[in-house]
J.: 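Please find one structure pasted underneath; my questions will follow.
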Protein chains: 2
Amino acid sequence: MKATIYDVAKEAEVSIATVSKVINQTGRISHSTRGKVLQVMKKMNYHPSFVATALTGKRTETLGLLVPDISNPFFSEIAKTIENHAHDKGKSVIICSTNYKQEKETKYIELLQRKQIDGLIITSGFQNKDLLQQMITSKIPVIILAHNDPSLNISVVSVDDFKGGFMATSHLLSKGHSNIAIIAEEVKSSTIRILGYEKAYESKNIKPDRGNILRTTASIENGKRIILDLLSRKIPPTAVFACNDLIAIGVIQGAREKGLNIPDDLSVIGFDNTILATTTVPALTTIAQPIEDMGEKVVDVIIDEIEKGSETSKKRILFIPELIVRGTTSDLKDTKD
Amino acid sequence: MKATIYDVAKEAEVSIATVSKVINQTGRISHSTRGKVLQVMKKMNYHPSFVATALTGKRTETLGLLVPDISNPFFSEIAKTIENHAHDKGKSVIICSTNYKQEKETKYIELLQRKQIDGLIITSGFQNKDLLQQMITSKIPVIILAHNDPSLNISVVSVDDFKGGFMATSHLLSKGHSNIAIIAEEVKSSTIRILGYEKAYESKNIKPDRGNILRTTASIENGKRIILDLLSRKIPPTAVFACNDLIAIGVIQGAREKGLNIPDDLSVIGFDNTILATTTVPALTTIAQPIEDMGEKVVDVIIDEIEKGSETSKKRILFIPELIVRGTTSDLKDTKD
DNA sequence: TTGAAAGCGCTAACAG
DNA sequence: CTGTTAGCGCTTTCAA
């Protein structure tokens with residue numbers, strides 16, 4: 001059927017060991033036999049089986065990527081850059097989408113281990129710390145992306161969530177808003193953004209209202225649901241800091257349903273700067289994560305750890321977020337109607 | 001390091017064959033030994049290596065998925081459903097994004113073969129027919145998704161592009177438009193949508209203007225570029241049928257740049273009904289593809305072909321598209337300004 | 001510079 | 001019902 005190393009060896013009239021050596025460029029072989037083998041390989045359209053190779057203990061040249069929801073543009077965009085960059089470096093990527101379910105995390109991680117991936121990239125929203133710990137001890141390189149949890153001894157590539165939260169809130173504060181709701185995800189990085197939010201208030205000497213801190217899972221629906229809730233309060237917020245673009249869009253849609261004008265009646269700022277932020281009208285003011293840079297960096301780091309072995313010192317790389325002011329935030333209007 | 005079948009055998013005081021049998025539920029083993037082996041496996045946290053298993057000729061339980069651009073919401077949404085459904089069926093998915101490059105197609109297909117995937121799902125935009133032919137002859141099941149090319153002897157799961165093109169155009173026609181530009185992708189399914197476009201004209205006894213048929217690659221930028229072009233004609237179109245949502249959004253943005261109001265000055269209809277179609281204002285009128293159904297179906301079909309072997313008769317499954325009328329299309333205004 | 005042979009972890013006859 | 005053994009395709013000593 002498909003050519004094996006034996007077929008090539010026979011055709012080239014050498015031993016399989018010789019063929020193996022020219023494939024891997026190991027040992028010393030005469031120029032002529034090398035040429036001959038190469039030629040036969042090409043002629044027979046031979047490609048070594050990764051499976052057999054992996055069984056001998058070599059790497060599989062495969063990375064695992066765990067995301068909570070590949071249909072969230074933030075993750076699909078990051079997956080794209082990771083995939084591209086990894087392939088440039090000769091690795092392929094198995095992408096698994098966990099749907100925010102712990103059981104799926106567990107299942108996929110076991111699966112990926114069984115497939116002998118060389119390294120694993122996990123992203124924001126990962127919940128099962130024990131599992132992680134287990135992977136670490138089993139020596140397979142793991143990196144966390146966009147999930148800045150200092151309590152784990154793992155390399156991290158992330159945006160500076162604290163700074164991002166601070167910037168977003170400060171922007172709103174500087175526009176005169178003081179009643180700002182923050183809708184955060186139930187993940188670590190959002191927790192840190194909340195810290196930035198509080199810090200921003202603090203530096204203005206205002207006390208944030210704890211009731212203004214909401215948490216949910218990333219989706220348009222949840223954003224909408226929460227803003228509807230918020231809007232039914234006696235004193236609704238005049239601005240919302242949504243911890244990602246999906247939620248921000250839900251907020252905008254919900255507010256519009258209530259007849260509010262964005263940004264005149266409600267300022268909204270998002271986070272991530274995905275494609276969604278550019279397609280709304282007005283376009284969404286948001287905090288940009290350097291998605292491409294982060295994706296490339298995480299690949300570089302994990303490849304480095306794979307090659308250097310697990311003794312490499314763990315890195316913690318924080319990218320600086322950027323405030324992108326577009327049309328969904330404006331100065332607070334006089335409240336006297 | 002990691003437990004192997006030998007470790008389990010020794011610990012359970014049986015042979016590896018016995019262990020193998022309980023793993024695979026083959027042969028007959030006494031209840032007691034089975035129990036013991038099971039228990040030891042659990043105790044040692046043993047999981048059979050996929051690599052070793054694959055080498056013996058069994059399946060890898062892995063599917064390949066080739067998309068041209070995972071950051072296009074259509075593909076990331078379809079990838080999500082495929083991934084979910086496949087995992088429910090016990091398969092994992094390797095997603096590769098080719099960036100619309102033939103060389104990458106080639107590279108990934110070779111790679112996937114080397115990894116001994118059980119089946120391959122390729123999507124719209126695939127270009128290299130020869131490669132496909134080669135895969136078919138090499139007996140590995142291949143299915144095409146959203147790319148309805150009757151010239152290939154492969155199973156197809158797709159939306160009815162002809163009907164979709166017809167519906168979109170008819171909708172515009174029924175609104176009084178007769179100067180409708182169609183911006184299609186350079187892929188087969190778009191070609192068929194163009195046929196539907198022409199058919200719609202024909203059934204109204206109008207002759208479409210060939211200059212109104214444009215082709216490009218899916219992206220917001222391209223949509224914008226083309227509409228800007230179109231708008232600079234002496235007699236610009238009054239409506240645009242964009243063959244996907246990304247292009248449609250580019251069209252909207254470009255038209256707005258020129259000061260046009262959507263839909264009053266220009267009606268726009270998209271295709272796909274991705275998340276993007278719901279986030280614009282006004283929301284995008286579009287032709288919906290049943291993404292979930294298609295994704296699930298394609299997984300079912302490929303698993304079926306994997307299990308039944310290549311003698312299964314090839315299927316051609318067409319889903320019916322649906323017109324979703326939202327805010328970007330309206331009746332043609334009187335042209336007298 | 002080349003080749004023989006052991007072994008990676010598992011499956012699948014075939015014996016017993 | 002259980003165990004022995006021969007591969008699967010490749011890498012890697014170790015000899016020649």
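Residue numbers begin at 1 in each chain, while the letters A, B, ... track the order of the sequences. Computed from a predicted structure; not experimentally measured.
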J.: With hydrogens left out and only the distance checked, is there a donor-acceptor pair under 3.5 Å joining B:Lys2's side chain and the base of C:dG9?
T.: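 It does not, because no donor-acceptor pair links the side chain of B:Lys2 to the base of C:dG9 below 3.5 Å.
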J.: Are B:Asp7 and B:Met44 packed together at the side-chain level, in the sense that at least one heavy-atom pair is separated by less than 4.5 angstrom?
T.: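 Yes, at least one pair of side-chain atoms sits under 4.5 Å.
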J.: If you compare every side-chain N and O of A:Thr56 against the phosphate oxygens of D:dT11 (OP1, OP2), does one of them come in below 4.0 Å?
T.: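 For D:dT11, neither OP1 nor OP2 has a side-chain N or O of A:Thr56 closer than 4.0 Å.
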J.: What is the separation between atom CZ on A:Arg28 and atom P on C:dG3, rounded to the nearest whole Å?
T.: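 The distance from CZ of A:Arg28 to P of C:dG3 comes to 16 Å, rounded to the nearest Å.
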J.: Does this structure show an ion pair linking A:Arg114 with A:Glu110, if we count only N-O contacts that are shorter than 4.0 Å?
T.: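 Counted as a salt bridge, because a side-chain N and a carboxylate O are separated by less than 4.0 Å.
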J.: Return yes if a side-chain donor-acceptor contact under 3.5 Å exists between B:Asp69 and B:Ser71, otherwise no.
T.: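 Short answer, yes.
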J.: Using OP1 and OP2 only, check whether a side-chain N or O of A:Thr18 sits under 4.0 Å from C:dG3.
T.: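 So the side chain of A:Thr18 is within the cut-off, an N or O lying under 4.0 Å from OP1 or OP2 of C:dG3.
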J.: Can you identify which nucleotide, out of D:dT4, C:dC10, D:dT12, has its nearest atom closest to the B:Ser15 side chain?
T.: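 Nearest listed nucleotide: D:dT4.
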J.: For D:dC10, take OP1 and OP2 only and decide whether either is under 4.0 Å from a side-chain N or O of A:Thr53.
T.: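 A:Thr53 to D:dC10 OP1/OP2: no side-chain N or O under 4.0 Å.
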J.: Measure from CD1 on B:Ile5 to P on D:dT5 and round the result to the nearest Å.
T.: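 About 16 Å, once rounded to whole Å.
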J.: Any chance NZ of B:Lys129 has more than 12 other-residue heavy atoms, nucleotides or ligands included, within less than 6.0 Å?
T.: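 Buried by this count: over 12 neighbours within 6.0 Å.
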J.: Please pick, from D:dG3, D:dT12, C:dC10, the nucleotide with the shortest atom-to-atom distance to any side-chain atom of B:Val14.
T.: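 Looking only at heavy atoms from C-beta outward on B:Val14, the closest nucleotide is D:dG3.
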J.: Quick one: the side chain of A:Tyr6 and the base of D:dC10, do they pair up donor-acceptor inside 3.5 Å?
T.: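 Check passes, donor-acceptor contact within cut-off.
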J.: Distance check: side-chain N/O of A:Ser49 vs OP1/OP2 of D:dC8, anything under 4.0 Å?
T.: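 For D:dC8, neither OP1 nor OP2 has a side-chain N or O of A:Ser49 closer than 4.0 Å.
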J.: Between D:dT12, C:dG9, D:dG3, spot the one nearest the side chain of B:Ala52, thanks.
T.: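 Out of D:dT12, C:dG9, D:dG3, the nucleotide with an atom closest to B:Ala52's side chain is C:dG9.
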J.: Please tell me which of A:Gly27 and B:Tyr46 maps to the more 5' nucleotide of DNA chain C, matching each residue to the nucleotide holding its nearest heavy atom.
T.: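 That would be A:Gly27.
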J.: Output the rounded distance in Å from CG (A:Leu55) to C1' (C:dC8).
T.: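 Rounding to the nearest Å, CG of A:Leu55 and C1' of C:dC8 are 4 Å apart.
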J.: At under 4.0 Å between heavy atoms, what does B:Lys58 touch on the DNA or RNA strands: base, sugar-phosphate, or nothing?
T.: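 The residue B:Lys58 makes sugar-phosphate contact but no base contact.
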J.: Between C:dT11, C:dG3, D:dT11, which nucleotide gets closest to the side-chain atoms of B:Asn24?
T.: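 In terms of side-chain proximity for B:Asn24, the closest of C:dT11, C:dG3, D:dT11 is C:dT11.
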J.: Counting only side-chain nitrogens and oxygens, does B:Thr33 get under 4.0 Å of the OP1 or OP2 atom of D:dT2?
T.: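 Affirmative; the distance criterion is met.
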J.: B:Glu61 CD to C:dC10 C1': how many Å, rounded?
T.: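 That distance rounds to 15 Å.
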J.: What is the distance, to the nearest angstrom, from the CD atom on B:Gln25 to the C1' atom on D:dC1?
T.: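 About 17 Å, once rounded to whole Å.
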J.: Where each residue is assigned the nucleotide of DNA chain D containing its nearest heavy atom, which of B:Ala17 and B:Gln116 is assigned the position nearer the 5′ end?
T.: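 Counting from the 5' end, the first nearest nucleotide belongs to B:Ala17.
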J.: Ion pair present between B:Asp293 and B:Lys297, side-chain N to carboxylate O less than 4.0 angstrom?
T.: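 The answer is no: the pair does not qualify as a salt bridge.
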J.: Rounded to the nearest Å, what distance is computed from the CZ atom of residue B:Arg114 to the C1' atom of nucleotide D:dC10?
T.: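 The answer, rounded to whole Å, is 12 Å.
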J.: Would you mind reporting whether B:Leu120 and B:Ile109 have side-chain heavy atoms less than 4.5 Å apart?
T.: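 Yes, at least one pair of side-chain atoms sits under 4.5 Å.
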J.: How would you label the contact of A:Phe50 with the nucleic acid (heavy atoms, under 4.0 Å): base, sugar-phosphate, or nothing?
T.: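 Answer is nothing: A:Phe50 stays at 4.0 Å or more from every strand.
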J.: Atom CZ of B:Arg34 and atom C1' of D:dG3: how far apart are they, to the nearest Å?
T.: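 B:Arg34 atom CZ is separated from D:dG3 atom C1' by 17 Å.
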J.: Between C:dG9 atom P and B:His47 atom NE2, what is the distance in whole Å?
T.: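 Rounded to the whole Å, the gap is 16 Å.
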